[in-house]
Amino acid sequence: RVRDVLADAAVARGQLQGQKLTGGDVAVSQDMIGGIVDNQMRSLGFSLLVMAVVVMWLLRSPRWGLWASLPAAFAVLGNWAGMAGVGVPLGAATSMFSVMTLGIGVDYAIHLLQRYRHELRIEPAPAAAMARAVATVGPAILVDGAAVGLGFGVLLLSSVPSNARL
């Protein structure tokens with residue numbers, strides 16, 4: 001059995017003569033990153049679609065569901081634009097950050113929209129209702145956003161390059 005394996009290796013070596021090959025964990029991992037990123041991007045699109053449908057159902061309105069989903073989608077696009085602007089490549093870790101951004105963004109949007117809907121029942125003028133909603137929940141959203149931002153900012157201190165690039 002060992003002789004068969006050695007014979008197969010000799011044949012394979014002869015067929016690969018003159019070709020440069022790499023191997024090992026690092027080479028395999030680097031080769032997989034493209035597939036991981038492609039899969040994350042497909043998952044992100046699917047997540048955005050499912051999130052929009054679920055939020056439409058929870059808010060019992062396609063219009064409100066879209067209003068809650070769009071800011072989160074734009075936050076992801078802004079995230080990518082910022083990363084491109086500073087030269088951060090889209091890799092396995094940074095593509096996962098996009099999905100987290102989507103989830104965090106929709107949470108803030110739902111919070112604000114729910115308060116806006118509440119204020120519309122009290123104050124039917126949309127601009128006044130939005131001003132009251134922002135005055136009421138805006139500070140909490142900002143503090144929460146700052147806390148999340150600082151939490152991710154700690155990753156800048158990481159010695160692992162993919163974490164530090166998040």
Side-chain angles (χ1 to χ4, degrees), residues 22-120 126-166:
T22 58
D25 290 346
V26 173
V28 171
S29 295
Q30 289 297 319
D31 194 43
M32 290 174 48
I33 287 176
I36 291 170
V37 171
D38 289 344
N39 190 21
Q40 286 283 5
M41 293 301 101
R42 281 192 300 278
S43 296
L44 181 66
F46 183 70
S47 296
L48 179 60
L49 178 66
V50 170
M51 178 193 71
V53 169
V54 168
V55 173
M56 287 176 194
W57 177 71
L58 289 172
L59 297 178
R60 294 178 181 86
S61 167
R63 182 178 71 159
W64 292 113
L66 286 175
W67 277 114
S69 301
L70 285 175
F74 285 124
V76 171
L77 292 175
N79 182 17
W80 288 346
M83 286 174 17
V86 296
V88 174
L90 190 59
T94 53
S95 63
M96 285 187 284
F97 185 66
S98 298
V99 176
M100 289 184 269
T101 301
L102 191 65
I104 293 166
V106 77
D107 182 53
Y108 297 154
I110 289 170
H111 194 164
L112 179 61
L113 284 176
Q114 279 298 97
R115 187 61 191 200
Y116 174 66
R117 289 171 71 177
H118 173 77
E119 295 296 338
L120 275 175
M130 182 55 80
R132 287 173 56 139
V134 169
T136 305
V137 299
I141 291 171
L142 288 175
V143 168
D144 188 20
V148 169
L150 287 172
F152 280 108
V154 169
L155 291 173
L156 290 170
L157 305 174
S158 175
S159 61
V160 178
S162 61
N163 288 346
R165 283 194 299 260
L166 280 176

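Everything numeric in this text was worked out from a predicted model, so none of it was measured.
At a threshold of 4.5 Å between non-hydrogen side-chain atoms, the residues Gln114 and Val137 do not count as touching.
Taking CZ of Arg117 as the start and CD1 of Ile110 as the end, the distance is 10.5 Å to the nearest 0.5 Å. From Asp144, atom CG reaches atom CG of Asp107 across 7.0 Å, with rounding to the nearest 0.5 Å. Interatomic distance, NE2 of His118 versus OG1 of Thr136, reported as 8.0 Å (0.5 Å rounding). Atom CD1 of Ile141 is separated from atom CG of Leu112 by 5.0 Å, given to the nearest 0.5 angstrom. Atom CG of Leu120 is separated from atom CE of Met130 by 8.0 Å, given to the nearest 0.5 angstrom.
Among all heavy-atom pairs drawn from Pro71 and Ala109, the shortest one is CG-CB, 4.3 Å. Pairing each heavy atom of Ala68 with each of Leu113, the nearest pair is N-CD1, 3.4 Å.
Ring pair Tyr116/Trp67: centre-to-centre distance not below 6.0 Å.
For Leu66, the side-chain contact (heavy atoms from CB on, under 4.5 Å) criterion is met by Met56, not counting sequence neighbours. Taking the side-chain contact (heavy atoms from CB on, under 4.5 Å) definition, one finds that Leu102 meets it with Leu44, Ser47, Leu48, Met51, Ala72, Val76, sequence neighbours left out.
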